[in-house]
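Read the structure below first, then the notes.
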Amino acid sequence: QMQLVESGGASVQAGGSLRLSCAASGYISSTICMAWFRQAPGKEREWVAASGSAYSDYTDSVKGRFTVSQDNAKNTVYLQRNSLKPEDTAMYYCVARQPTCPGGRIGYPSAYNFWGQGTPVTVSS
């Protein structure tokens, strides 16, 4: 069984930067897919970004501002977020799927096997 622990959530000013981390433990395949979702108050859960073997993808609203990366040696995935906007305020969840990314279902929460507890981010104007 895999466990995911997020960290790095904070309150920041608009235009600022923040890096979220997600450490995975347990059995981890070399081709694991790790992704981030977010959920703002009163809104549905939204896929943000995903990272797999030689692969990364982003939802349109964060392209050019967010970067997802994996450190396989540390079993950790990062979400570097720049030029933050108030609309980026949300609870951010780290998720994982083994053995690979779910292709056309990459934005579906149900496509992922494992979820972290979430880390809150608040961006003030």
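Side chains are part of it too, since the values below use all heavy atoms of this structure and drop only hydrogens, waters and symmetry mates.
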> Is there a side chain to side chain contact (heavy atoms under 4.5 Å, CB included) between M2 and N113 once you walk through the steps?
Replying inline: CA-CA 9 Å; M2 180 185 298; N113 310 99; over 6 Å; no

Which atom names give the shortest non-hydrogen contact between [X] and [Y], and what distance separates them?
X: S110; Y: R105; value: OG-NH2, 3.0 Å
X: A50; Y: Y112; value: CB-OH, 4.4 Å
X: T89; Y: V123; value: OG1-N, 2.8 Å
X: V77; Y: S69; value: CG2-O, 3.1 Å

>> Between D88 and K85, does any side-chain N to carboxylate O distance fall below 4.0 Å?
In response: no

Are the side chains of [X] and [Y] in touch, meaning some heavy atoms are under 4.5 Å apart?
X: C33; Y: Q98; result: no
X: V48; Y: F37; result: no
X: L18; Y: V121; result: yes
X: E87; Y: S61; result: no
X: Q70; Y: S56; result: no
X: T119; Y: L20; result: yes
X: W47; Y: D57; result: yes

Does either side chain, that of [X] or that of [Y], offer a donor lying less than 3.5 Å from an acceptor on the other one?
X: R19; Y: Y78; value: no
X: T76; Y: D71; value: no
X: R65; Y: Y58; value: no

> Aromatic rings Y93 and W115: how do their planes relate, parallel, tilted or perpendicular, breaks at 30° and 60°?
Replying inline: perpendicular

Atom pair [atom1]/[atom2] of [X] and [Y] - distance to nearest 0.5 Å:
X: C94; Y: M34; atom1: SG; atom2: CE; value: 4.0 Å
X: S125; Y: L84; atom1: OG; atom2: CG; value: 13.0 Å
X: N82; Y: T67; atom1: CG; atom2: OG1; value: 6.5 Å
X: N75; Y: S25; atom1: CG; atom2: OG; value: 8.5 Å
X: T122; Y: M91; atom1: OG1; atom2: CE; value: 9.0 Å

> Is there a side chain to side chain contact (heavy atoms under 4.5 Å, CB included) between I106 and Y55 once you walk through the steps?
Replying inline: CA-CA 12 Å; I106 198 166; Y55 168 86; 2.9 Å; yes

>> Counting only heavy atoms not in K63 (residues, nucleotides, ligands), do more than 12 fall under 6.0 Å from its NZ?
In response: yes

So does [Y] get a backbone contact from the side chain of [X], meaning a donor-acceptor N/O pair under 3.5 Å?
X: Q80; Y: F66; answer: no
X: W36; Y: R38; answer: no
X: R97; Y: T100; answer: yes

> Would R81 count as a cation-pi partner of Y92, with NZ or CZ less than 6.0 Å from the six-membered ring centre and within 45° of the ring normal?
Replying inline: yes

> For F114 and Q1, what are the C-alpha separation, side-chain angles and deciding distance, and is it a side chain to side chain contact (heavy atoms under 4.5 Å, CB included)?
Replying inline: CA-CA 9 Å; F114 305 99; Q1 192 75 352; 3.9 Å; yes

